[in-house]
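Before any comments, here is the structure.
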Amino acid sequence: MNWIEIKNLQTVPLSEIPRPGIDEFRNEVIQKVKSGNRLVQFFGNKNSDKIILYAVIADDDVAKLFVSSMEIFPGGAYNSITPDVPSAHLFEREIFEQYGIKPEGHPWLKPVRKGIAGIDKAETQYEYFSMSGDEVHEVGVGPIHAGIIEPGHFRFSCHGEKVYHLEIKLGFQHRGVEDLFVRNNSRIVYLEKLAESIAGDTVIGHAETFAGAMESLAGISVPYQVKIIRAIALELERIAIHLGDLSALSGDIAYLTGNSVFGALRTKVINTTMAVCGNRFGRGLIKIGGVNFSITQELSDKILETLNKLDDETVLAAEVLFSSASVLERFEKTGIVETEVAKEIGMVGPAARASGVAIDIRSDHPSGAYEYFPHHKLTLSTGDVFARAYIRFVEIQQSIKIIKEQLQNLPETAADKTGGGLNRKEIILKPDSLVVSLTEGWRGEIAHVLLTDKSGKIERIKIKDPSFNNWFGLTLAVRNEGISDFPICNKSFDLSYSGYDL
Amino acid sequence: MLDLIKLIKHHGYQAINDIRKAKLMDTHRGFPVIDEAKYSGNWQDVADCCPVKAISLNPVAVDLGKCIFCGECEKISNGAIEFTNEVKLASSNREGLIISSGNNYDIYSKEAVKSKKEIHKLFGRSLKLRQVSAAGCNGCEMELGACGNVNFDMGRFGIDFTASPRHADGIVFTGPVSKNMAPALLDAYKSIAAPKIVIAVGACAISGGLFAESGQINRSVLDEIKIDLYVSGCPPHPLTFINAVLDFLGIK
Ligand code: SF4
Ligand code: SF4
């Protein structure tokens, strides 16, 4: 067998992961993806003088994950799998950047994060894709953008107003996050907080994904109450961002009522999160083995009341937004990503679902509270800005429903409400093991893979924010669009720079 | 059209009337109050639990320039370090962020941020700021964005964020300053016409925060940038930022 079959959050000994030869590994990955599975992770880990490359592939229909590996010397080369599996393009660039292993025949072997600003003369200069011809011109934007957002560089190749190609150069935010996880692997509190700061708009998503991986490696099972509180926090995060994005999308088309109303609704949601844990983004809530704050009956009643009002107000605001002609004129048929394309490049989350790709970790690979109830995947088919906006609206309603149900399931008299009894010193990870942890954050699949060494310390963490998959979707969405439609295309995806740059 | 009117009516008035007096809910972790005697255990354990090494001993002090307000020390010290919901967490100088048991919020909130006459004269009625995220995680950025929303409406004081440093009177930077953003931060700073002010927002910007020991950051560019105002938090709440700027401008 060339693969080991596991589940989300199932720890496996490294020794059980098959290691076929390079060519066989390549063929296996290509075959698996071509037969309808999805490439979740592909990354390297240094092992004495060799580099081991691991691939994680998901069969979303049956909730299975497949892991395989190959070994190669640093500076070595193999035939790129990107021509056969386009969704591997960024993973291969990353492996090349981190270990110097060259995927021969890769169409676009550019830096991912390092030396992006060309500070060090020894670093190779970043070469932009360029076009030539009459009236062809380039527009460069960033790294610093006009709004209060994170930095990145966008280079548009245009003919008049029309965008022929958009090259997105990121890496400006690179903080060495993965390296910090490994270097501080015995400081559990630090790791919990670092996970919260991978992407500050996905505090709960990343913190839960990391905590889940650590709990699996340590053999800790968390109380039901904790699972519910975590799910509630995750859904609150989703609602808040979706509302914020509807507000920003309204702002970008100068529909100021929508901008104000959705913005004010978002405030109510993040203040609810603050009522639970003291921080509007959920910082400080999640810890390994539990949560730091409980939800009392009184708070639960308050949340319920807020959500009931929110539900009505969102419907009212969305009805106005999605029925006004001037809004539809901008949103509809703008920035289309076709279903097949979305699948091919490995898009995830609401952006993928808006293009008709039915993937959602909450139902495909459920963990925590989601294991206890069926989650219904919502999809739309048009793949345009409208679909990526409208899906936010329906997901907000769905999340409100989930939270309301979960609040009712919150066992009032549970003995251990927060998993608080666990002493962090008791967290002992299984040595020489690997675990894959997947969570459906508001942007889509968050995937952390943790590997431990022989003393049970984290030796490698591979973090993937959904933005890693989806930035290329934005590139394709703006092709052949007017450059003035870029802001709404961009906002409809709302991708993370720090989550990508790490 | 009728729906739109209904919506606007429903939306009503959302702004916080008095930004200077507004209170946050009790759960919010703001200004810390330290009572050393309240904890009889080993204070070294409390200092060791801090993920960003913000706690120093003899006497016990918390450096708000490093603190990410995670609340861990509050739990371990059984409340001997207690985070109140008070929002004023800024200072005109770096040392002013170090809080020990001698600090009382009433005094701190009045004295930590110094306002100068000439600043008040120049920017008191209009302050345009350019925000630069130098590897901020988007937490600080979202809260700075929120300062201008319908709830906080910072624009009522003439304080706004501009799209270009060339239109700005000052810079607000966030994040630990990654190597890749260091040159752009410096460029933006240099593009602003003098006199200009600099505001560092968040634990990352002030001290590097959780990323202080990363090999991928380059804080040496800050040697060329004089910081006038430090605003603590991870991220600072909009009320913290707005109040800090108002204090700095000498607006009552
Ligand atoms: S609240 Fe601040 S001082 Fe206390 S442990 Fe957290 S970071 Fe350290
Ligand atoms: S201070 Fe906190 S919220 Fe602000 S950028 Fe740093 S990690 Fe993010």
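Below, read A as the first sequence line, B as the second, and so on, with proteins coming before strands; counting in each chain starts at 1.
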Is it the backbone or the side chain of A:D179 that comes under 4.5 Å from a heavy atom of chain B, or both, or neither? neither

Residue among B:G71, B:G136, B:G139, B:P176 with most heavy-atom pairs under 4.5 Å to chain A: B:G136

Looking only at heavy atoms and a cut-off of under 4.5 Å, which of A:E313, A:E319, A:R283 has the most pairs with chain B? A:R283

Which atoms of A:Y255 approach chain B - backbone, side chain, both or neither, heavy atom under 4.5 Å: side chain

Where does A:V177 contact chain B at under 4.5 Å (heavy atoms): side chain, backbone, both or neither? side chain

Taking side chain as everything from C-beta outward and backbone as N, CA, C, O, which of these in A:K309 sits under 4.5 Å from a heavy atom of chain B? Side chain, backbone, both or neither. neither

Taking every heavy-atom pair that is under 4.5 Å apart, which of B:L24, B:N138, B:V52, B:D26 has the most such pairs with chain A? B:N138

Using atom types as modelled and distance alone, determine if a side-chain donor or acceptor of A:E196 lies under 3.5 Å from a backbone N or O of A:G284. yes

Taking C-beta and beyond as the side chain, do B:L229 and B:I197 meet within less than 4.5 Å on heavy atoms? no

Which one wins on heavy-atom pair count under 4.5 Å against chain A: B:H11, B:Q14, B:K6? B:H11

Any donor-acceptor pair under 3.5 Å from A:S467 side chain to A:G499 backbone: no

When you look at B:K128 and B:D169, which way does the salt bridge (Lys or Arg N to Asp or Glu O under 4.0 Å) test go after all the steps? CA-CA 5 Å; B:K128 304 295 160 198; B:D169 306 311; over 6 Å; no

Taking C-beta and beyond as the side chain, do B:M142 and B:P235 meet within less than 4.5 Å on heavy atoms? no

Could you tell me which portion of B:H28 (side chain, backbone, both or neither) has an atom closer than 4.5 angstrom to a non-hydrogen atom of chain A? both

Qualifying residue, where the test is side chain to side chain contact (heavy atoms under 4.5 Å, CB included) with B:E141 and the options are B:V172, B:V201, B:T174, B:V132: B:T174

Quick one: which of B:A188, B:P165, B:A135 has the most heavy-atom pairs under 4.5 Å with chain A, could you say? B:A135

Would B:F69 and B:F83 count as a close aromatic pair, with their ring centres under 6.0 Å? yes

Contact check, side chains of B:P236 and B:L89, non-hydrogen atoms, under 4.5 Å: no

Evaluate B:N180 against B:S178 for side-chain hydrogen bond (donor to acceptor under 3.5 Å, both in side chains), listing each step before the verdict. CA-CA 5 Å; B:N180 288 346; B:S178 57; 5.9 Å; no

Could you tell me which portion of B:L4 (side chain, backbone, both or neither) has an atom closer than 4.5 angstrom to a non-hydrogen atom of chain A? both

So for A:R187, is it side chain, backbone, both, or neither that comes closer than 4.5 Å to the heavy atoms of chain B? side chain

Between B:F161 and chain A, which part of the residue has a heavy atom less than 4.5 Å away: side chain, backbone, both or neither? side chain

Non-hydrogen atoms of chain B under 4.5 Å away: do they reach the side chain of A:N271, the backbone, both or neither? both

Does the B:T27 side chain pair with the main chain of A:M274, one donor and one acceptor, at a distance under 3.5 Å? yes

Against chain B, work out which of A:D501, A:V276, A:L321, A:T267 has the most heavy-atom pairs shorter than 4.5 Å and name it. A:T267

Relative to chain B, which of A:S247, A:S496, A:G176, A:S324 shows the most heavy atom pairs under 4.5 Å? A:G176

If I measure from the heavy atoms of chain B, does A:L180 come under 4.5 Å with its side chain, its backbone, both, or neither? side chain

Is chain B contacted by the side chain of A:L316, its backbone, both, or neither, given a heavy-atom distance below 4.5 Å? both

If we only count heavy atoms from C-beta on, is the A:D465 to A:I463 side-chain gap below 4.5 Å? no

Given a strict heavy-atom distance threshold of 4.5 Å, which part of B:S214 is in contact with chain A: side chain, backbone, both, or neither? both

Checked B:E213, B:M25, B:H10, B:K75 vs chain A; the most non-hydrogen pairs under 4.5 Å come from B:M25

Drop me the distance from A:L502's CG to A:I198's CD1, to the nearest 0.5 angstrom. 7.0 Å

Can you tell me if A:R443 uses its side chain to pair, donor with acceptor, with the backbone of A:D494 under 3.5 Å? yes

Report the option among A:G278, A:A264, A:S498 that has the most heavy-atom pairs separated by less than 4.5 Å from atoms of chain B. A:G278

What residue, out of A:G244, A:P151, A:S323, has the most heavy-atom pairs lying under 4.5 Å from chain B? A:P151

Give, as side chain, backbone, both or neither, the part of A:S197 having an atom under 4.5 angstrom from any heavy atom of chain B. both

Please classify the contact between B:C50 and chain A as side chain, backbone, both or neither, with a heavy-atom cut-off of under 4.5 Å. backbone

Once you measure the plane-to-plane angle for A:H242 and A:W442, does it fall in the parallel (<30°), tilted (30-60°) or perpendicular (>60°) bin? perpendicular

Where does A:R280 contact chain B at under 4.5 Å (heavy atoms): side chain, backbone, both or neither? side chain

Any carboxylate oxygen within less than 4.0 angstrom of a Lys/Arg side-chain nitrogen, looking at B:E74 and B:R29? no

Applying a strict 4.5 Å limit to non-hydrogen atoms, the region of B:N151 in contact with chain A is side chain

Please look at B:A134 and chain A and tell me whether the side chain, the backbone, both or neither of the residue comes under 4.5 angstrom of a heavy atom of that chain. backbone

Relative to the ring of B:F152, is the ring of B:H237 parallel (under 30°), tilted (30 to 60°) or perpendicular (over 60°)? perpendicular

